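Treat the numbers as computed from the prediction; the structure is a model and nothing was measured.
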Amino acid sequence: MRSDVVKKGIPAAPNRSLLYALGYTKEELERPLIGVVCSYNEIVPGHMNLDKIAEAVKAGIRAAGGTPVEFPAIAVCDGIAMGHVGMKYSLVTRDLIADSTEAMAMAHQFDGLVMIPNCDKNVPGLLMAAARVNIPTIFVSGGPMMAGTLNSGRRTCLSHMFEAVGAYYAGKLDEEGVEEYENNACPTCGSCSGMYTANSMNCLTEAIGMGLGGNGTIPAVYSARLRLAKHAGMKIMELVEKDIRPRDIMTEAAFHNAETIDMALGCSTNTMLHLPAIAHECGIELSFDMANEISEKTPNLCHLAPAGDTYMEDLDRAGGVYAVMAELAKAGLLDTSLMTCTGKTVAENLAGVVNRNPEIIRPIDNPYSKTGGIAVLKGNLAPDGCVVKQSAVAPEMMVHEGPARVFNSEEEAIEAIYAGKIVSGDVVVIRYEGPKGGPGMREMLNPTSAIAGMGLDKDVALITDGRFSGATRGASIGHVSPEAASGGPIGLVEEGDLIAIDIPNHSITLKVDEAVLAQRKAQWVCPEPKIKTGYLARYAKLVSSADKGAILE
């Protein structure tokens with residue numbers, strides 16, 4: 001066993017003495033040591049139940065003949081961090097999580113790992129660590145939150161909560177109405193109830209083969225979630241015995257499967273940051289352009305919030321991710337020969353799976369659209385590309401042209417939006433919020449929600465070198481690359497410039513003469529860094545552009 005280096009022989013006697021100090025018995029040390037990486041904390045609703053998940057995982061490990069050893073991973077709640085300096089610290093934790101987990105796994109020579117994440121950066125961060133360490137690993141998340149219910153009977157969620165703030169500033173909702181959303185939008189523990197980034201990544205963990213069936217969709221409050229955790233604990237022992245490792249599962253074909261399922265589910269645009277970063281750790285390059293190639297042949301089968309009025313609990317009842325995969329497999333859109341963490345192939349996992357609700361998961365021959373949920377746009381404003389969740393864009397905004405309203409920070413933009421200075425037809429441009437310029441590439445849920453809450457989501461577009469929450473809807477175009485702080489054309493846009501957006505044709509154009517742009521470029525001076533000390537300053541020096549996954553180089 002890998003752990004023998006700290007358990008067996010006279011040279012390991014000092015190591016054993018420290019393990020005995022922890023209370024482990026000789027009998028326990030004769031079994032495989034399984035690291036249980038738990039992201040439990042008391043500030044993230046999606047993580048407040050992970051201590052219970054960890055206990056269930058450890059019970060499963062012991063039942064299957066292993067010795068569980070728990071250690072922590074950090075987590076940021078994007079919703080609580082939203083709209084202030086805290087959001088700069090969200091994306092950057094992905095690399096802290098990967099680095100710290102790698103360090104713990106290598107330092108203590110575990111034989112296998114069970115990863116217990118739930119929210120946005122923990123899932124990709126731990127997948128990155130799994131790829132680096134490359135010892136048998138399985139994932140089990142904490143599960144999604146249930147949808148809330150308003151007094152009217154309407155179901156609600158976090159994206160409605162943010163939009164309620166915009167409605168308040170537009171005079172469409174009073175303070176009492178905002179409070180009703182406050183008290184009902186997030187009724188249980190779990191990752192927020194729509195197809196936002198956390199649930200997107202938990203579903204894709206299942207899709208890529210690193211989580212058991214149901215990992216992405218079984219609600220956090222269901223006892224089935226605890227049973228799933230016990231089974232994950234048992235299954236890791238089989239993976240250790242068979243020596244099935246993450247890079248055996250996360251192959252190039254598996255990433256193509258994941259991107260296909262991403263398109264069918266209508267996942268968050270943040271997957272376009274995380275999948276390339278995880279693939280990079282596996283020694284695989286996922287190009288931005290591949291997203292459009294896959295989207296062109298993959299129908300969009302689900303419209304969960306924010307794209308529609310259904311939620312993760314509905315997807316679970318309909319058959320979950322496996323039911324979506326089964327629809328795609330019918331059309332030959334998946335490689336079903338691939339190995340997964342179940343110890344079986346994708347085809348074996350899908351045997352007998354049925355779509356239990358064709359209203360929640362559209363059949364492959366009756367999709368919401370013939371193309372996938374995400375599109376990559378290119379043009380002189382974004383030579384290396386930018387991303388939009390096209391499944392959450394109103395039909396009338398799929399093609400749009402309007403004057404630029406330019407802001408050099410999220411705060412400037414939100415102040416103008418709340419003051420009613422943005423009008424129908426405008427194209428809001430928020431720049432110097434990219435991976436380097438932010439630094440940290442903040443999510444722009446506040447401005448997009450304000451626009452939607454004011455009823456302008458069918459009239460106003462928003463473009464940024466930052467990124468968006470999975471809860472964002474409307475013509476919200478992010479990840480503009482190169483970013484402004486790296487000299488990208490988005491830094492040359494001036495107030496009133498016309499910007500043309502054509503999502504079906506994957507184009508975005510700044511309608512300014514090239515000679516004028518060249519003159520602006522010659523006069524452009526990069527602003528002083530917003531943060532000059534600490535982790536964010538180091539991050540800004542190392543991070544790549546968004547089209548490369550914002551990886552550290």
4.5 Å side-chain heavy-atom contact, Met237 and Ile61: yes
Residue pair Leu96 / Asp99, side-chain heavy-atom distance below 4.5 Å: no
Could you check if a side-chain atom of Pro144 sits within less than 4.5 angstrom of a side-chain atom of Glu313, using non-hydrogen atoms only? no
So do the side chains of Ile463 and Cys386 get within less than 4.5 Å of each other, counting heavy atoms only? no
Report the distance from atom OG of Ser200 to atom CG of Leu265, rounding to the nearest 0.5 Å. 7.5 Å
Kindly indicate, with the supporting measurements, whether the criterion side chain to side chain contact (heavy atoms under 4.5 Å, CB included) is fulfilled by Ile135 and Leu113. CA-CA 7 Å; Ile135 62 174; Leu113 296 168; 3.8 Å; yes
Carefully, step by step, assess Thr260 and Leu334 under the rule side chain to side chain contact (heavy atoms under 4.5 Å, CB included). CA-CA 8 Å; Thr260 300; Leu334 297 181; 4.0 Å; yes
Hey, does the side chain of Asn202 reach the backbone of Ala198 with a donor-acceptor pair shorter than 3.5 angstrom? yes
Validation row: Tyr535, Asp95 side chains within 4.5 angstrom (heavy atoms): yes
Passing candidate, salt bridge (charged side-chain N to carboxylate O under 4.0 Å, His left out) with Glu410, options Lys530, Arg442, Lys88: Arg442
Hey, mind stepping through Ile74 and Ile97 against side chain to side chain contact (heavy atoms under 4.5 Å, CB included) and telling me if it holds? CA-CA 7 Å; Ile74 63 168; Ile97 292 161; 3.8 Å; yes
Taking Val543's backbone N and O only, do any of them form a donor-acceptor pair with Lys436's side chain (distance below 3.5 Å, no angle check)? yes
Backbone N or O of Ser141 within a donor-acceptor pair of the Arg225 side chain at under 3.5 Å? yes
Can you tell me if Arg247 uses its side chain to pair, donor with acceptor, with the backbone of Cys282 under 3.5 Å? no
Side-chain donor/acceptor of Asn118 to backbone N/O of Gly143, under 3.5 Å: yes
Look only at the side chain of Asp4 and the backbone of Met1, and say whether a donor-acceptor pair between them is shorter than 3.5 Å. yes
Any donor-acceptor pair under 3.5 Å linking the side-chain atoms of Thr340 with those of Asn349? yes
Work out which heavy atom in Lys235 is nearest to a heavy atom in Thr342; give both atom names and the distance. NZ-O, 3.0 Å
Walk me through whether Ser287 and Asp289 qualify under side-chain hydrogen bond (donor to acceptor under 3.5 Å, both in side chains). CA-CA 5 Å; Ser287 74; Asp289 295 331; 5.1 Å; no
Closer than 3.5 angstrom, by distance alone: can the side chain of Thr217 be matched with the main-chain N or O of Cys203 as a donor-acceptor pair? no
Presence of salt bridge, Lys330 and Asp365, under 4.0 angstrom: no
Taking all non-hydrogen atoms of both residues into account, name the closest pair between Ala253 and Leu338 and its distance. C-CD1, 3.7 Å
What is the distance from atom CG of Asn257 to atom OG1 of Thr251, rounded to the nearest 0.5 Å? 8.0 Å
Side-chain donor/acceptor of Thr509 to backbone N/O of Gly379, under 3.5 Å: no
Give the C-alpha distance, both sets of side-chain angles, the deciding distance and a yes or no for salt bridge (Lys or Arg N to Asp or Glu O under 4.0 Å) between Arg31 and Asp111. CA-CA 10 Å; Arg31 303 168 186 164; Asp111 298 298; over 6 Å; no
Should we say atom CD1 of Ile80 is surrounded by more than 12 heavy atoms from elsewhere, each under 6.0 Å from it? yes
Using every non-hydrogen atom in the two residues, find where Asp248 and Asp243 come nearest and quote the distance to one decimal. OD2-O, 3.7 Å
Within the 4.5 Å heavy-atom criterion, are Pro383 and Pro489 side-chain neighbours or not? yes
Is a donor on one side and an acceptor on the other found under 3.5 Å between the side chain of Glu252 and the backbone of Ile284? no
Give a yes or no on whether His303 atom NE2 has more than 12 heavy-atom contacts from other residues, nucleotides or ligands under 6.0 Å away. yes
With a 4.5 Å limit on heavy-atom distance, are the side chains of Asn134 and Pro246 in contact? yes
Is it the case that the side chain of His280 and the backbone of Pro276 share a donor-acceptor pair, with hydrogens and angles ignored and the cut-off at 3.5 Å? no
From Met397 CE over to Ile477 CD1, what is the distance, rounded to the nearest 0.5 angstrom? 8.0 Å
Is Glu70 atom CD crowded by more than 12 heavy atoms from other residues, nucleotides or ligands, each under 6.0 Å away? yes
Hey, mind stepping through His47 and Ile53 against side chain to side chain contact (heavy atoms under 4.5 Å, CB included) and telling me if it holds? CA-CA 10 Å; His47 291 232; Ile53 301 293; over 6 Å; no
If you count heavy atoms of other groups shown closer than 6.0 angstrom to CD of Glu348, is the number above 12? yes
For Arg362 and Pro367, the nearest pair of non-hydrogen atoms, with its separation, is NH1-O, 3.4 Å
Within this structure, what is the NZ-CD1 distance for the pair Lys389 and Ile374, rounded to the nearest 0.5 Å? 7.5 Å
Can you find a pair of side-chain heavy atoms, one from Lys370 and one from Pro299, that are under 4.5 Å apart? no
Yes or no on side-chain hydrogen bond (donor to acceptor under 3.5 Å, both in side chains) for Gln390 and Asn300, after CA distance, side-chain angles and deciding distance? CA-CA 10 Å; Gln390 61 182 350; Asn300 178 228; over 6 Å; no
Among Ser191, Pro219, Pro45, find the one that has a side-chain contact (heavy atoms from CB on, under 4.5 Å) with Met145. Pro45
Closest non-hydrogen atom pair, Asn355 against Glu327: ND2-OE2, 3.2 Å
Heavy-atom pair with the smallest gap, counting every atom of Ile218 and Ala224: CG2-CB, 3.9 Å
side-chain contact (heavy atoms from CB on, under 4.5 Å) partner of Arg467, chosen from Leu91, Val480, Leu445, Thr472: Leu91
Supply the atom-to-atom distance Asn505 CG to Leu377 CG, rounded to the nearest 0.5 angstrom. 10.0 Å
Rounded to the nearest 0.5 Å, what separation is found between the CE atom of Met201 and the CG atom of Asp120? 9.5 Å
Out of Thr464, Asn270, Thr269, which one pairs with Glu443 under the side-chain hydrogen bond (donor to acceptor under 3.5 Å, both in side chains) rule? Asn270
